[in-house]
Amino acid sequence: MKDKNELNNITSQEPDITNPEIVQEVINTMGLGIRRSAKDILVYLIPQLQKQQILKSSDPIIHLRVSGDGRNVGRKIKHVMVTFMILNHENRHHHADYHYTVALYPGTEKYDTLKFMLSLFINELKSFKENGLEVSGILWKFELYFSSDWKFLAICLGLNGPTANYFCPWCCCSKNQIGDLNKNWCIEKSIDQLITNYNEINGHINPPLFSMIPIENIIFDELHALLRITDRLWELMLAEIQENGLFNDLTRSVILGEMQRLKVSFHFWEDEKSHIWKYTSLMGDDKKTVLQFFNLKLLFKPSRAELIRKLWDGFYELYCALRNKNTDPAQLKQQSLEWLSLFLTPSQGNPSRPKIYVRGLYMPNQITPYMHALVYHGWELLEKHKRWGFKAFSCSAVEKKNHNQVSTFFRKTLKNGGDLLKRKSAIQEIIEYENRSLYFNYNVLSKSPKVKRIRIK
Ligand SMILES: [Zn+2]
C-alpha cells in the first residue's frame, strides 16, 4: 500500500489550456501547419524601422532573435509556434505583436517535425547570415540569436533530452559531474563542431537545426530558470517535511494559512485511488512571492529555517543580478558558485547524536540542469550579451502570444461547426490576424489606404 502522505512531484507538463472544446478543436487540426517567410516580413519591416531611426544605414546590422514555444493543449498535444524578433527594436522586446510568427502547427515538439516545418525559415536564416539582405539600397548584415525553454532548445540543438546524462547545450558536463565544485564549466561547444561531428559529442543525436546560430548566442530563458528552480526548492522543502514524518493535517493547514497570508491561491488534495497528496502548481508571480516571503519558521526550527531561507534568498538575488544589465559578470560568477556550494552544504556530525549533528542541505543529484546553466553559464552569457541583457531574451511575450491566439482562434472556429476547411482556417486566421496587426502597428500615421499583404506559404 502506498504511503498515505506521499507527495506528488511537480509536473512541468501540466496543460496550459484545458478548455475541452478548444483541446478537441486543436486535436482535429493536427497535421496542418502554416509557414510564413521571414524575408517577406523583413522586406516590409526594414523601411518602417529605418523611418523610426531604429535601424540605421550607418550601422546596418540587424540583431535577430529566434524563439520557439509549445503550449500544452490538454495532456497530449502542443500548439507549437516559432517566431523571430528584432533586438534593435529595444522598447518592443516584451510586446507580443513584435514577435513575428514564421511557423505554426498543432502537434508535438519533435526534431523531424520541426525540421520539416522550419525548412524555409532555416534556409532564409542561412542566407541572411551568409549574404545579408538588400532592402532599400542597403545591404543589411545579421547577428542571430536563439532563446527558448530547455526542451525546445534541446530538440533544436539535437540533444538527447534533459534527462540524458549529457544534458548541457553549452558544455560537456555530465549528470555525474553536475555537483563537482572543483570543475569550472564554461561555454566550450562550438556550432561548427556540432555540424560536422555531432555524433562524436556526448548527448547529441541529431545535427543542430539552427546551424547558423553560434552556441554563445543561445541564451536560456531567465523566467523559466526562475520558475523551474523555484519548483525544485519548494519540492525539496516539502520532501524534507515528509521525510521527517510531519506531512500531516496540521502541517498542511499551516502551509495553507501562510499561503493565505501571502494571498497566493494554493490547495492540497489527496488522490482517491493512489492516496498521493497533490498540490497546486504555482503561477509565475506567486512563485516569486513564495520564494521571497514564505515564513519557513512556521515549519522548521529557527536554525534550519534560516539555512533554507538563506538558500532561497540567495537564489532570488542571483536571479535579480542576472536580469540586471549593469551586474559585473565576474561578481555574478563568484555569487553563483557560492550559491551552488550553499545548496550542497554537507551535514556535520553523526545523525545518531542529534545534539552535535548539523543537517546540511542537498545532494549533487538534486541539482537541476537549469541550476547548472544559471550557475556556470549565466555570468558568461551576460558578459557576452551585455548590450541587450538577459531580459531581452525572455520568452514570456511569445508564450503569452501563443496562449492567447490558441484561446481566441480555436474557440472561434468552434462556433463555425466542425468541417475541415473551417478548422484549417483557425491557424490561417492567426496568421492573417498577425499580418493585419503588422500593418497597423507600423502604419498608424500613414495616409496610404493600401494594405500590404504578406504572402502566406
Ligand atoms: Zn554546461
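Atoms within a ligand are numbered from 1 in the order they appear, just like the ligands themselves.
- For residues 312-323, the set of pairs meeting the salt bridge (Lys or Arg N to Asp or Glu O under 4.0 Å) definition, not counting sequence neighbours, comprises E222-R323, R309-D313.
- Remark: R65 is not positioned above the aromatic ring of F84, lacking an NZ or CZ atom under 6.0 angstrom from the ring centre and at most 45 degrees off the axis.
- Residues that satisfy the ring pair (Phe, Tyr, Trp, His ring centres under 6.0 Å) test with F142, not counting sequence neighbours, are F128.
- Evaluated for a side-chain contact (heavy atoms from CB on, under 4.5 Å) with F294, the options V264, I308, I255 yield exactly one hit, I255.
- With sequence neighbours excluded, the residues satisfying ring pair (Phe, Tyr, Trp, His ring centres under 6.0 Å) with Y433 are F409.
- Of all protein atoms, those that are N, O or S and lie under 2.8 Å from the Zn ion (ligand 1) total 4.
- Atom-to-atom distance recorded for L238:CG and Y279:OH is 5.0 Å, nearest 0.5 angstrom.
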